[in-house]
Protein chains: 2
Amino acid sequence: MPYDPSAFPPFAVTVDLVVLTVRRHALCALAVRRGEPPFQGRWALPGGFVRADEDLSQAAARELAEETGLRAHDPAVPAQDNGAHLEQLATYGDPKRDPRMRVVSVAHLALAPDLPAPRAGGDASNARWAPVDELLKQGGYGRDGEPVAPLAFDHAQILADGVERARSKIEYSSLATAFCPTEFTVGELRRVYEAVWGVALDPRNFHRKVTGTPGFLVPTGGTTTRQGGRPAQLFRAGGATLLNPPMLRPEV
Amino acid sequence: MPYDPSAFPPFAVTVDLVVLTVRRHALCALAVRRGEPPFQGRWALPGGFVRADEDLSQAAARELAEETGLRAHDPAVPAQDNGAHLEQLATYGDPKRDPRMRVVSVAHLALAPDLPAPRAGGDASNARWAPVDELLKQGGYGRDGEPVAPLAFDHAQILADGVERARSKIEYSSLATAFCPTEFTVGELRRVYEAVWGVALDPRNFHRKVTGTPGFLVPTGGTTTRQGGRPAQLFRAGGATLLNPPMLRPEV
DNA sequence: GTGTTTATCGTCAAGCAGACGACTATGATC
DNA sequence: GATCATAGTCGTCTGCTTGACGATAAACAC
């Protein structure tokens, strides 16, 4: 059977981004306000069409840079901290997920430290970091009492999947360091785990665990006191990507 | 900005299947022989175009049924064994992955017990179960001394990703039972782990572990002697999907 | 100095994992 | 039928990890 362009239905392919960070002890995601129908005025995940000559990961990295200014981490330079962590999450292709046409969206998950301020095409009012519980609270009310509309399209599902991926992945990988600046303390790393998992961890056992896991942390020699209290040692992420033994999420 | 069909490039969207089973102590994958260019005559993963009105998981289930006769497991009936396990794996969209046109493939992973014989459109010579090491052995020689051509397209990468997913997922989930018939013995389950991981496990510690993990196995009361030796108790898969504590893959 | 905060080290008991001995129940072989 | 081989099942022991928590250290605020 020769190649017949009419033999398959045409699809639009997009990438959507779940960009997570930890701000003020809460796991937050980047949301942008839609400027056009459908779902005009509603919050959504950042994303856009994949271009004709682009790989999926390239498209995701481009969108991430456009929305946040973050460069994606180059997997070829693992030891070096040259940007945010970016990985493919899952693909969503319900025929009715976009009322305009048949769109298949390849969602990606990005983890970033707190630093950057949102910038959606230069217009800051159309992009914000929002706590994920707030974004996922369907039909509830935000911290300011305003009613919260659910995210556009199936983005609530995508965000929930991304959060779940992040929660489970910091158990057995060193990914939690992607939420930290280049140099960080054990306490800062612990607060990342606490924010992502939504639990309190024992500082003493946590310290013993992470410093005892080979390849997880390497001391830089410096110390800091930016948290108040006794100065803490500074660390960088070690070469290990898989943690053995893994971090254990406390019982549900 | 109104909807403009020319604003995005059209893609073809396919599903490809990594169907794994355990045969004769080896992890095997379903391969089909391509009957048309490109890669005519080469082995490939089964798959096909997503139809215009189909969800991705529906398309994957349809292809699985067409190629193997297996029904996909309905997630709404978790305790019941009504088919093979099927889950989305990852999406592959390199612009050059198909020389004919821009194709994005949403790969799925299926795990099945040994029973079914391949049937690719009724022609058995164009479908076979092949050990995954053989399919992934680039440019080597098969067990029969024949030279082995690498899989078509990027299917070697997809298969490798699927195998890795299966290897890690049987650690912390009860998915290994998807490789077993409805009723099975602890020894049969152990041989699944040994085949998928490619290691030897201590029968005594394995027995203690799986029978001690709550929700993993439920005894049916029957026994069997089909393996020779002392009769073994028969079990069904329990309700648990996540294993706590997980099975531990021995050191590399 | 005193109190507060955070970091870090130590101790102890419970539980789990790996190594491996021992026993059991079947079929195969002589 | 005795013996052997095979596979399944139960125990034991030892070392390591974990979770709970006491104790000490080093900063800052007053």
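Order of the sequence lines fixes the chain letters, A, B, ..., with proteins taken first and strands second; residue numbering starts at 1 for each chain.
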Handout entry: The single option from A/Val196, A/Leu20, A/Val19 passing side-chain contact (heavy atoms from CB on, under 4.5 Å) against A/Leu111
Key = A/Leu20
Exercise for the section: Give a yes/no verdict on a cation-pi contact between A/Arg24 and A/Trp129, requiring under 6.0 Å between NZ or CZ and the six-membered ring centre and an angle within 45° of the axis. Expected result: no
Fill in the blank from the handout: The residue, B/Gln227 or A/Gly228, whose nearest nucleotide of DNA chain D is more 5′ is B/Gln227
Handout entry: Rounded distance (Å) that lies between atom C1' of D/dA25 and atom NE2 of A/His207
Key = 12 Å
Exercise for the section: First locate atom CD of B/Glu188, then atom CD of B/Glu183, and finally report the distance between them rounded to the nearest 0.5 Å. Expected result: 10.0 Å
Exercise for the section: Check the distance between D/dG8's C1' and B/Arg208's CZ and give it to me in whole angstrom. Expected result: 15 Å
Fill in the blank from the handout: From CZ of B/Phe235 across to C1' of D/dG8 the rounded distance in Å is 11 Å
Completion exercise
Nearest heavy-atom approach of B/Leu151 to B/Ala44 is CD2-N, 4.0 Å
Problem - Gap between atoms CG and C1', on A/Leu201 and D/dT18 respectively (whole Å) - result: 13 Å
Practice task
Scan B/Arg226 against the nucleic acid and name what it touches under 4.0 Å (heavy atoms): base, sugar-phosphate only, or nothing.
Solution key: nothing
Completion exercise
B/Leu189 atom CG is separated from D/dT9 atom C1', nearest whole Å, by 16 Å
Practice task
Mind calculating the distance between CZ (B/Phe206) and P (D/dC10) to the nearest angstrom?
Solution key: 15 Å
Exercise for the section: Look at the side chain of A/Arg204 against the base of D/dG22 and say whether a donor-acceptor pair falls under 3.5 Å; ignore hydrogens and angles. Expected result: yes
Exercise for the section: Return the set of residues passing ring-ring contact (aromatic ring centres under 6.0 Å, His included) with A/His155 (not counting sequence neighbours), or none when no residue passes. Expected result: A/Phe153
Exercise for the section: Would you please name every residue forming a ring-ring contact (aromatic ring centres under 6.0 Å, His included) with A/Tyr172, sequence neighbours left out? Expected result: none
Problem - Given DNA chain D, 5'-ward residue of the pair A/Pro245 and B/Gly187, judged by closest heavy atom - result: B/Gly187
Completion exercise
Nt span of DNA chain C in reach of chain A heavy atoms at under 4.0 Å, 5' end first, is C/dT5 to C/dT11
Handout entry: Least distance between heavy atoms, B/Leu17 atom then B/Leu86 atom
Key = CD2-CD1, 4.3 Å
Exercise for the section: Calculate the interatomic distance between B/Asn205 atom CG and D/dC10 atom P; express it in whole Å. Expected result: 14 Å
